[in-house]
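Notes follow once the structure below has been shown.
Scope of the values below: all heavy atoms of this structure, side chains included, with no hydrogens, waters or symmetry mates. Nothing here was measured: the structure is a model prediction, and the numbers come from that model.
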Amino acid sequence: MAEPLDRYDAELTTPETVILELEATDKADAASQLAKRLHAAGRISNLDGFLETVNSREHQLATGLPGGIGLPHARSEYVDRISIAVGITKFGHALDFGASDGPATVILLIATPASSFSDHLEVLATLARSLSKESFRESLRRANDPEVIAELINSSLVFFDH
């Protein structure tokens, strides 16, 4: 059974699930590297099965957001609790996630239990709202510390308004 989302204990991202200086050949490679971090952290039970779901979702609709953000995401039976892996690309290694304004330098892979439809949408909406702010995006890009990045993501999800 999926754990319910607890807004006040939002450890959705941990330093172990952050990749600084991400170098990937394309968005599928980036998703794979990030998913491996989630798998190693025990947040995904079947890496290949989860990646199949992510890649299927990517083919349905572009997940790039304005401002250099890639937001691949999937609800999957191989996820027990909502988790987010973060990749900050190495300089000159931006990736095309289909955003109208160009490639992504910040990639957030969101893994959600298959049964958590409303939590999935809530996390996506809350993150998108935070990521729409240039200051938040720049804070992520400039933080050269996985702990700081994890804290930025987690704190953005604790406080939200409907």
Side-chain angles (χ1 to χ4, degrees), residues 1-19 22 24 26-89 95-99 104 106-133 136-137 139-140 146-162:
M1 187 71 185
E3 289 182 29
L5 182 61
D6 181 350
R7 283 276 162 208
Y8 302 99
D9 183 29
E11 285 252 332
L12 279 63
T13 305
T14 64
E16 297 76 31
T17 62
V18 174
I19 301 176
L22 175 69
D26 57 21
K27 64 183 180 179
D29 182 31
S32 176
Q33 289 184 47
L34 292 169
K36 285 177 184 171
R37 291 289 181 104
L38 292 174
H39 187 256
R43 293 180 173 239
I44 296 172
S45 61
N46 179 322
L47 180 61
D48 292 334
F50 175 72
L51 280 171
E52 189 175 304
T53 308
V54 170
N55 291 329
S56 172
R57 171 68 188 79
E58 280 295 311
H59 289 299
Q60 292 173 9
L61 191 63
T63 57
L65 296 178
I69 304 297
L71 204 62
H73 56 277
R75 291 184 307 118
S76 170
E77 63 189 281
Y78 305 116
V79 178
D80 289 329
R81 66 182 282 212
I82 298 175
S83 300
I84 302 169
V86 181
I88 309 298
T89 64
L95 299 163
D96 183 11
F97 276 84
V106 176
I107 296 96
L108 291 91
L109 174 64
I110 303 171
T112 312
S115 60
S116 299
F117 187 72
S118 62
D119 282 347
H120 181 75
L121 292 178
E122 190 174 335
V123 167
L124 276 174
T126 303
L127 266 179
R129 200 165 28 253
S130 294
L131 291 164
S132 71
K133 297 178 179 90
F136 184 74
R137 295 190 307 267
S139 294
L140 290 172
E147 287 191 25
V148 171
I149 292 170
E151 181 57 34
L152 284 166
I153 296 296
N154 290 332
S155 62
S156 77
L157 291 163
V158 172
F159 302 106
F160 69 101
D161 45 68
H162 289 284

**Prompt:** Of all heavy-atom pairs between R75 and T53, which one has the smallest distance, and what is that distance?
**Reply:** O-CG2, 3.4 Å
**Request:** Could you tell me the separation between the CD1 atom of I69 and the OG atom of S132, rounded to the nearest 0.5 Å?
**Result:** 10.0 Å
**Prompt:** Between L127 and S156, is a side-chain contact (heavy atoms from CB on, under 4.5 Å) present by the stated rule, with each step listed?
**Reply:** CA-CA 7 Å; L127 266 179; S156 77; 4.0 Å; yes
**Test log, rule side-chain contact (heavy atoms from CB on, under 4.5 Å), inputs R43 and R81** = CA-CA 7 Å; R43 293 180 173 239; R81 66 182 282 212; 3.3 Å; yes
**Message:** Name the residue from S115, S116, P113, S45 that meets the side-chain contact (heavy atoms from CB on, under 4.5 Å) definition with V79.
**Reply:** P113
**Request:** Would you check if the side chain of R57 reaches a backbone N or O of P72 as a donor-acceptor pair within less than 3.5 Å?
**Result:** no
**Item:** Trace of the side-chain contact (heavy atoms from CB on, under 4.5 Å) decision for N46 with E77
**Value:** CA-CA 9 Å; N46 179 322; E77 63 189 281; over 6 Å; no
**Item:** Separation between OH of Y78 and CD of E52, rounded to the nearest 0.5 Å
**Value:** 7.5 Å
**Item:** Heavy-atom closest contact (I44 atom, A35 atom, distance)
**Value:** CD1-O, 3.8 Å
**Message:** What's the separation between atom CG in D96 and atom CG in D26, rounded to the nearest 0.5 Å?
**Reply:** 10.0 Å
**Message:** So H120 and I82, do their side chains get closer than 4.5 Å, heavy atoms only?
**Reply:** no
**Request:** Return the minimal non-hydrogen interatomic distance between L51 and S32, and the atom names on each side.
**Result:** CD2-CA, 3.7 Å
**Asked** Roughly how far apart are T112 OG1 and L124 CG, rounded to 0.5 Å?
**Response** 7.0 Å
**Message:** To check you understand the geometry: which heavy-atom pair defines the closest contact between H73 and T63, and what is its length?
**Reply:** CE1-CG2, 3.8 Å
**Message:** Pair L12, T17 - check side-chain contact (heavy atoms from CB on, under 4.5 Å), show working.
**Reply:** CA-CA 9 Å; L12 279 63; T17 62; over 6 Å; no
**Message:** Nearest 0.5 angstrom please: T13 OG1 to L108 CG, how far?
**Reply:** 7.0 Å
**Request:** Please name the pair of heavy atoms, one in F97 and one in A62, separated by the smallest distance, quoted to 0.1 Å.
**Result:** O-CB, 3.5 Å
**Request:** Identify the two heavy atoms, one from S83 and one from L38, that lie closest to each other, and give their separation to 0.1 Å.
**Result:** CB-CD2, 3.8 Å
**Value rounded to 0.5 Å, distance of CD1 in I107 from CG in L71** = 10.5 Å
